[in-house]
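Everything numeric here is computed off the predicted structure, so don't read it as measured data. All heavy atoms count here, side chains included; hydrogens, waters and symmetry mates do not. Quick note on labels: first sequence line is chain A, next is B, and so on, each numbered from 1.
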Amino acid sequence: MSVEPRSNFLRTQIQADLESARVNALVTRFPPEPNGYLHLGHAKSISVNFGLAEQFGGQCHLRFDDTNPEKESQEFIDSIQEDVHWLGYQWEGEVRYASAYFGQLYEWAMYLIDQRLAYVCDLSAEEARQYRGTLTEPGRNSPFRERSSEENRDLFARMRQGEFAEGARVLRAKIDMGSANMNLRDPILYRIRHASHHQTGTEWPIYPTYDFAHGQEDAIEGITHSICTLEFEDHRPLYEWFVEHLPVPHTPRQIEFARLNTSYTITSKRKLKQLVDEEVVDGWDDPRMPTIAGLRRRGYPASAIRHFCEEVGTSRSDSTADVAMLESAVRDHLNQSAPRAMCVMKPLRLTLTNLPDALCLEVRNHPADPDFGGRQLWMGAELFIDQEDFREEANKHFKRLVLGKRVRLRGGLVIEAERCEKDADGGVTHVFAKCVTFIPGADPEDGLKPKGVIHWVSADEAVPATIRRYDRLFGVPEPAREQDLMAAVNPHSLVVIDTAMIEPELVNANPEQVFQFEREGYFVADRYDHRSDRPVFNMTIGLRDTWSASHG
RNA sequence: UGGGGCGUCGCCAAGUGGCAAGGCAGCGGGUUUUGAUCCCGCCAUUCGGAGGUUCGAAUCCUCCCGCCCCAGCCA
């Protein structure tokens with residue numbers, strides 16, 4: 001089930017770096033800002049960074065890039081660690097924090113000041129924006145650009161002491177206001193924030209920006225390959241500028257790859273939050289959410305998510321992977337790992353008119369893997385089958401139960417429908433059938449084998465259960481492009497069925513345990529809501545269906 | 001319109017001058033006590049376009065076209 005690592009530009013590059021001894025051993029890092037829940041896009045980054053370290057016998061760090069206290073919290077730090085673990089990865093050593101390097105970063109800022117490569121700028125945010133110029137016009141030098149090192153040291157030290165108001169001053173690198181690369185137009189290194197930080201409390205009234213922090217964090221940790229997404233490409237010259245001008249202990253290198261987009265899904269934090277806030281979903285871990293917590297609650301195996309990330313590849317071209325690839329990986333893994341069971345979604349009473357005694361059937365838990373063992377199922381005269389599996393009359397394409405026709409009850413006998421009862425509206429309420437065979441697994445003696453098999457549960461033993469059937473949250477392939485996101489929400493993304501009847505053993509399912517309900521799909525015992533006296537299963541994904549689409 | 005990237009099958013994606021991998025989707029057929037799984041077969045004479053170099057080009061050169069990113073004291 002594991003996928004062979006396939007060739008991609010990162011592996012090629014790392015291989016070359018190792019062979020040329022540019023680096024001795026690979027060290028990567030997954031550096032989320034703890035300001036939200038991880039989603040499928042993060043899973044890709046995690047799989048790239050941890051996967052590379054695994055493949056090349058290197059290390060991967062987990063580092064919280066916590067340089068902006070206002071948006072971050074401990075809650076996210078905890079959930080991110082849980083998600084990374086759940087995905088099957090373990091970071092090297094302790095969890096790292098950018099905030100743990102604030103002291104070193106401060107010293108390096110002073111170093112740049114001494115080198116006359118950084119200065120305190122008193123321009124307001126609005127003024128700074130005007131001085132920056134535009135994409136086609138160069139910027140102008142700040143009037144504060146030529147302050148002496150002494151004055152800059154004093155001012156920066158006082159910024160650090162908390163003497164100034166937020167927005168009053170910033171520390172900037174002195175690079176080139178005329179650069180065609182906006183990031184080099186005297187980028188901001190530090191800003192004043194009188195905010196409490198989840199790790200450092202009120203120790204720091206100034207916080208380094210991403211640009212001033214990231215490469216140096218990498219250097220401190222000995223990261224050899226700092227892998228990020230394409231939008232940071234323009235930041236690379238700045239990343240390198242700091243590494244070059246500062247006395248850092250290592251020389252990390254930034255490499256960018258295209259972020260993962262998946263059809264029918266959205267990964268914008270703002271939009272996901274909107275879904276939660278407007279109660280379109282039941283929370284960040286709603287089984288319809290593309291968050292790791294949501295995918296987990298949906299029953300998607302971590303191994304399938306890893307498989308998908310590997311299969312989709314890693315390149316530098318913007319692309320949108322078909323969500324069908326993810327679904328295929330999920331079915332693939334679950335087909336092999338999920339024990340089979342039976343669940344009747346819409347029960348229709350079936351009476352076997354000529355069954356002498358209840359039978360105890362021995363049923364396999366997996367059709368292809370004997371290691372799953374078997375279970376005993378009682379088949380009495382009173383059963384439930386699905387309403388969808390019976391018709392009074394039908395053409396030959398309908399391979400289920402039809403009046404006067406035969407069908408096999410999964411794991412049991414071959415029966416033939418004799419008659420049915422209907423309610424005032426003409427809906428079938430009860431089917432009567434006779435057994436054509438009486439030995440489980442046997443074929444009819446007259447040689448007329450049924451062409452269909454349907455699932456069933458014992459009316460006496462089956463237990464009622466709540467089934468939550470999920471479908472795609474959005475009805476359009478690129479919801480991110482929708483002007484009105486809410487209008488693109490699939491109104492049938494969740495259908496709750498309270499009338500389902502399950503095999504009795506299923507009440508003992510462990511939370512998060514996935515079963516294949518035969519002929520229906522894969523279903524997971526809800527992590528939080530499933531109880532033996534009140535079973536709740538979430539539909540992970542349906543079985544591949546090449547019939548109903550073309551035949552209704 | 002400045003700078004930086006990216007264009008290989010419906011969707012991903014290998015390929016780095018020598019016969020265009022693979023996966024997903026799709027389509028045919030076989031097996032099957034799940035209309036599932038599994039198995040077999042089909043699915044790019046052509047790589048955004050046009051020129052050029054070469055015995056030979058998706059790969060090198062030139063021009064053109066399209067898409068993405070950058071003007072936060074976010075990351």
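The distance from atom OH of A:Tyr522 to atom P of B:rU34 is 13 Å, rounded to the nearest whole Å. If you measure from atom CG of A:Asp176 to atom P of B:rG3, you get 14 Å, rounded to the nearest angstrom. Atom CD1 of A:Ile255 and atom P of B:rG5 are 14 Å apart (whole Å). A:Phe523 places its CZ atom 13 Å from the C1' atom of B:rU34, with the value rounded to the nearest Å. Between A:Arg259 atom CZ and B:rG5 atom C1' there is a gap of 15 Å when expressed in whole angstrom units. Rounding to whole angstrom units, NZ of residue A:Lys451 and P of B:rU34 are separated by 15 Å. Per the geometry, CD belonging to A:Glu520 stands 14 Å off P belonging to B:rA36, to the nearest Å. Here the C1' atom of nucleotide B:rA14 and the CD atom of A:Glu310 are 12 Å apart, to the nearest Å.
At the heavy-atom level, A:Arg340 lies under 4.0 Å from base atoms of the strands shown. Counting any heavy atom pair closer than 4.0 Å across all strands shown, A:Arg408 reaches a base atom. Among the heavy atoms of the strands lying under 4.0 Å from A:Gln516 is at least one base atom, whether or not backbone atoms are also near. Contacts of A:Phe212 with the nucleic acid, taken as non-hydrogen atoms under 4.0 Å apart, are absent. Note on A:His455: nothing from the nucleic acid sits closer than 4.0 angstrom, heavy atoms only. Counting any heavy atom pair closer than 4.0 Å across all strands shown, A:Gly452 reaches no nucleic acid atom. A:Gly139 comes within 4.0 angstrom of no nucleic acid atom, judged by non-hydrogen atoms across all strands.
Only the C1' atoms considered, B:rC47 is 31 Å distant from B:rG2, to the nearest whole Å. Look at the C1' atom in both B:rA25 and B:rC43: the space between them is 11 Å, to the nearest Å. A distance of about 26 Å separates the P atoms of B:rU45 and B:rC6, rounded to the whole Å. The P atoms of B:rG4 and B:rC64 are separated by 15 Å, rounded to the nearest whole Å. Nucleotides B:rA36 and B:rU31 have their C1' atoms positioned 13 Å apart, rounded to a whole Å. B:rC11 and B:rG49 are spaced 15 Å apart, taking the P atom of each and rounding to whole Å. Annotation: B:rC39 and B:rG23 have their P atoms spaced 11 Å apart (nearest Å). Rounded to whole Å, the P atom of B:rG15 lies 15 Å from the corresponding atom of B:rG22.
In terms of the side chain to side chain donor-acceptor pair (under 3.5 Å) criterion, residue partners of A:Gln15 (sequence neighbours excluded) are, by chain and number, A:Glu19. For A:His39, the side-chain contact (heavy atoms from CB on, under 4.5 Å) partners at least two apart in sequence or on another chain are A:His42, A:Thr267, A:Leu272. Take A:Arg331 and apply the salt bridge (charged side-chain N to carboxylate O under 4.0 Å, His left out) test, not counting sequence neighbours, and it matches no residue. With sequence neighbours left out, the side chain to side chain donor-acceptor pair (under 3.5 Å) criterion links A:Arg270 to no other residue. With sequence neighbours left out, A:Glu137 forms a salt bridge (charged side-chain N to carboxylate O under 4.0 Å, His left out) with no residue at all. Applying the salt bridge (charged side-chain N to carboxylate O under 4.0 Å, His left out) rule to A:Glu70 yields the partners A:Arg193; only residues at least two apart in sequence or on another chain are considered.
The distance between the ring centers of A:Phe523 and A:Phe515 does not fall below 6.0 angstrom. The six-membered or imidazole ring of A:Tyr207 lies away from that of A:Tyr190, with a centre-to-centre distance of 6.0 Å or more.
Residue-to-nucleotide proximity on RNA chain B shows that, of A:Leu413 and A:Thr314, the 5′-proximal contact is made by A:Thr314.
Annotated as anti: B:rG48, whose O4'-C1'-N torsion sits more than 90° from 0.
Note on A:Arg96 versus A:Glu217: no salt bridge recorded, every NZ/NE/NH1/NH2 to OD/OE distance being 4.0 Å or above.
Separating the CG atom in A:Leu326 from the NE2 atom in A:His307 is a distance of 10.5 Å, to the nearest 0.5 Å.
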- Task: Report, as a single string ordered 5' to 3', how protein heavy atoms within less than 4.0 Å touch nucleotides 15-32 of chain B: B base, S sugar-phosphate only, - not at all.
- Result: S------BBS-S------
- Task: Report, as a single string ordered 5' to 3', how protein heavy atoms within less than 4.0 Å touch nucleotides 67-75 of chain B: B base, S sugar-phosphate only, - not at all.
- Result: -SBBBSBBB
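Screening residues 159-168 of chain A for side-chain hydrogen bond (donor to acceptor under 3.5 Å, both in side chains) gives A:Arg158-A:Glu163 as the qualifying pairs, with residues at least two apart or on separate chains.
The number of heavy-atom neighbours closer than 6.0 Å to CD of A:Glu505, taken from other residues, nucleotides and ligands shown, is 12 or below.
Pairing of B:rC38, defined by two Watson-Crick or G-U wobble distances under 3.5 Å, is identified with B:rG30. If you check B:rG18 for Watson-Crick or wobble pairing at under 3.5 angstrom, you find it paired to B:rC55. Searching all strands for a Watson-Crick or G-U wobble partner of B:rA71 with both distances below 3.5 Å returns nothing. Using Watson-Crick or G-U wobble geometry with both donor-acceptor distances under 3.5 Å, B:rU46 finds no partner in any strand shown.
Comparing atom distances between the A:Ser317 side chain and each of B:rU33, B:rG7, B:rU1 picks out B:rG7 as nearest. Of the candidates B:rU34, B:rC12, B:rG5, the closest approach to any side-chain atom of A:Glu233 belongs to B:rG5.
For A:Ser319 and B:rA13, the shortest distance from a side-chain N or O to OP1 or OP2 is below 4.0 Å. Using a 4.0 Å cut-off, no side-chain N or O of A:Thr320 falls inside it from OP1 or OP2 of B:rC11.
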